[in-house]
Amino acid sequence: MARGDFLGELAWRGMLHQATDGLADHLAGGSRTGYCGFDPTADSLTVGNLVSVMLLARLQRSGHKPVAVVGGATGLIGDPSGKASERTLMDQDRVQHNVKCQKLQMQRLLDFSGPTAASIVNNADWLTPIGFIDMLRDIGKHFSVNQMMARDSVANRLESREQGISYTEFSYMILQAYDFLHLHRAMGCTLQLGGSDQFGNIVSGVDLIRRVASAQAFGATAPLLLKSDGTKFGKSEAGNVWLAADRTTPYRFHQFFLNASDDQVGQLLRWFTFMGQEQIESLEVQQKERPQARPAQKALADAVCDLVHGASETAGAKAVAEALFSGDVRALDATKLKDVVVDLPSSAVSAAQLSGEGLSLIDLLPTTTLAASKREAREFLAAGAVSVNGEKATIETKLKTAHLLHGEVALLKRGKKLWHALRVSV
RNA sequence: GGGCGGAUACUCAAGUGGUCAACGAGGACAGACUGUAAAUCUGUUGGCUUAGCCUUCGGGGGUUCGAAUCCCUCUCCGCCCA
């Protein structure tokens, strides 16, 4: 595979925040191995993790070898760079399971075969056997506490009256630096990638490799991805956006990107797709000309959904969106309806509850995903926020057998885009 | 080990005996406007059998007609001294 200009590519995509000196020359000099860390805290990656995966994917496409390091050991401790609450220990089985699931997701984005085959390793494999004394003697002596305390991640916590920092979390950077050293020795890894908040930890690793192995290593970071209002990217109203279809349905995943703001859609195209510069710029021009058609958001949602879930899932997600947003849900045929229901949160009621007088929405809504309590249900109904099969409901509305589409399902909606399917159980 | 300060709803943060389901801000949600956008305006934001009632102010106990507010105790956190 021809070696591409990895750093140049990151630069035009706006994914390059910082890089250590000499990295460009180093990459130009041969096929290198680079890694990025992941927390195995769940059995699925999130769109937040997708940034890191894309870094590795681009590295690989530039002719280098990507390594994903799963923090089976460090995940137990918690990086003070993030938000700070001590973590609970995960047992080994759980970590193994999570690693397996995450690997499956990465397989869509990384190539695990060929000369630049990607690999996944777990840092518990080398961190667990190390004794505390060995760690202090061989690694700890290379770290200056003065320097460690100057790091932003630590300094913030030292200044904070409420928080403080435990010795355990304080030691996190040493472990991460050791990871880099280990990978350098075991796999010839010379590059670490991460978010900009990781730069301090990455440099620690580079320093350690220079001191202990007398070798040169490098690091590069991507800027933190924020929404235009400055809040963290990757959360929807329903919580985290996961890559796993059973946690975030392809429909919701597709919707998440479709709802990207005009301000941000260009950046997301650069970050999360493999589209070229010209194609993205042309989309941006189209977006400017006809913003109401949202060509950029559509292209983005299709491309990312395609990447993560595959083409057929993407088509399905689009069909569902079509039905829910521009079509009349009552006109759906039975097969289509089934597809729609699969992608929506759903619950069941018994046929008996709907017969005769019917079931009051005030009682029903709290049992669905649309309202948390009867009080809230009343509020939504009074505000005209709820509809049944596309028809506005009121406080008095009762759900009856007649509401069931094809005798099976009623589609409830709260607000503009929150749907819930109500099935009838036999 | 000693001294001091703190813990209030999703978050920050008022409140120091009754008028407190608890000021305010942010966030979130809904309505209008729109492009399934942004901005803006309006409303809601503990629960219920909703002009009323019930449960909340770190945990437990006490004082009082009445406690988020006073006392005791426990837990956790911060600061200072050893």
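Numbers restart at 1 for each chain; the letters A, B, ... are given by sequence-line order, proteins then strands. Heavy atoms only: backbone and side chains are in, while hydrogens, waters and symmetry mates are out.
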*Please report, rounded to the nearest Å, how far the P atom of B:G35 is from the CD atom of A:Gln292.*
7 Å
_Heavy-atom pair with the smallest gap, counting every atom of A:Phe143 and A:Ser204_ = CE2-CB, 4.0 Å
*For B:A9 versus B:C57, give the span between their P atoms, rounded off to a whole number of Å.*
9 Å
_Identity of whatever pairs with B:G35 - Watson-Crick or G-U, under 3.5 angstrom_ = none
_From CZ of A:Arg290 over to P of B:U36, roughly how many Å is that when rounded to an integer?_
13 Å
*Which nucleotide sits closest to the side chain of A:Arg414: B:A30, B:G47, B:G35?*
B:A30
_Same-atom distance (P) from B:A37 to B:C33, integer angstrom_ = 13 Å
*Of the nucleotides B:U36, B:A37, B:G35, which one has an atom closest to the side chain of A:Pro291?*
B:G35
*For the residue pair A:Gln198 and A:Gln192, confirm or rule out a side-chain donor-acceptor distance under 3.5 Å.*
no
*asked:* So A:Lys416, base contact, sugar-phosphate only, or nothing? Heavy-atom distance under 4.0 Å.
replied: base
*asked:* Distance check, C1' atoms only: B:U69 and B:G58, in whole angstrom units.
replied: 15 Å
Distance-only criterion, 3.5 Å: show the donor-acceptor pairs between side-chain atoms of residues 104-111 of chain A and protein atoms not counting sequence neighbours.
from     : atom 1 : to       : atom 2 : distance (Å)
A:Gln105 : OE1    : A:Leu45  : N      : 2.8
A:Gln105 : NE2    : A:Ser44  : OG     : 3.0
A:Arg108 : NE     : A:Val308 : O      : 3.0
A:Asp111 : OD1    : A:Ser113 : N      : 3.0
A:Asp111 : OD1    : A:Ser113 : OG     : 2.9

_Strand partner of B:G5, provided both Watson-Crick or wobble distances fall under 3.5 Å_ = B:C77
*Give the ring-plane orientation class for A:Phe6 versus A:His64, where under 30° counts as parallel, over 60° as perpendicular and anything between as tilted.*
perpendicular
_If you compare every side-chain N and O of A:Lys374 against the phosphate oxygens of B:G47 (OP1, OP2), does one of them come in below 4.0 Å?_
no
_Integer-rounded Å distance: B:U50 C1' and A:Ile395 CD1_ = 11 Å
_Closest non-hydrogen atom pair between A:Asp306 and A:Ala311, with its separation_ = OD1-CA, 3.3 Å
*So what's B:A28 paired with, Watson-Crick or G-U wobble, going by both distances under 3.5 Å?*
B:U44
_Could you tell me how far apart A:Asp263 (CG) and B:G35 (C1') are, to the nearest whole angstrom?_
14 Å
*From the list B:G47, B:U36, B:A37, which nucleotide is the closest neighbour of the side chain of A:Phe325?*
B:U36
_Side chain A:Thr248, main chain A:Trp242, donor-acceptor under 3.5 Å_ = yes
*For A:Cys305 and A:Thr314, work out which heavy atoms get closest and say how close.*
C-OG1, 3.3 Å
*Output yes when at least one side-chain N/O atom of A:Lys288 is less than 4.0 Å from OP1 or OP2 of B:A37, else no.*
no
*What closest approach, in Å, do A:Met275 and A:Trp12 show between heavy atoms, and which atom pair accounts for it?*
O-CH2, 3.8 Å
*Spacing of the P atoms in B:G66 and B:A28 (rounded, Å)*: 43 Å
*Measure from CG on A:Leu418 to P on B:C29 and round the result to the nearest Å.*
9 Å
*Minimal non-hydrogen separation, A:Phe257 against A:Ala301, with atom names*: CB-CA, 3.7 Å
*asked:* Using the P atom as the point on both nucleotides, what is the distance between B:U36 and B:G43, in whole Å?
replied: 26 Å
_Partner lookup for B:A21, please. Criteria are Watson-Crick or G-U wobble with both distances under 3.5 angstrom; report none if nothing qualifies._
none
*Atom CG of A:Asn259 to atom C1' of B:U34: distance rounded to whole Å?*
13 Å
_Check this one for me: any side-chain N or O of A:Ser373 less than 4.0 Å away from OP1 or OP2 of B:G47?_
yes
*Roughly how many Å is it from CG in A:Leu258 to C1' in B:A38, rounded to a whole number?*
15 Å
_Contact list for RNA chain B against residues 377-385 of chain A - heavy-atom distance below 4.0 Å_ = A:Arg378, A:Glu379, A:Phe380, A:Ala383, A:Ala385
*Using a cut-off of strictly less than 4.0 Å, decide whether A:Arg294 has a side-chain nitrogen or oxygen near OP1 or OP2 of B:G35.*
no
*Should B:C70 form a Watson-Crick or G-U wobble pair with both distances under 3.5 Å, which nucleotide is its partner?*
B:G62
*Pairwise P distance for B:U63 and B:A30, with rounding to whole Å*: 49 Å
*If the C1' atom of B:C65 is compared with that of B:C72, how far apart are they to the nearest Å?*
22 Å
*Pick the P atom in B:U44 and in B:G59, then give their distance to the nearest Å.*
29 Å
*Check: A:Phe199 ring centre within less than 6.0 Å of A:His17 ring centre*: no
*Contact class for A:Glu376 (heavy atom, under 4.0 Å): base, sugar-phosphate, or nothing?*
nothing
_Given RNA chain B, 5'-ward residue of the pair A:Gly415 and A:Ala260, judged by closest heavy atom_ = A:Gly415
*asked:* I want to confirm an ordering. Mapping A:Pro366 and A:Ala293 to their closest nucleotides on RNA chain B, which one lands closer to the 5' end?
replied: A:Ala293
*In whole angstrom, what separates A:Gln264's CD from B:A39's P?*
13 Å
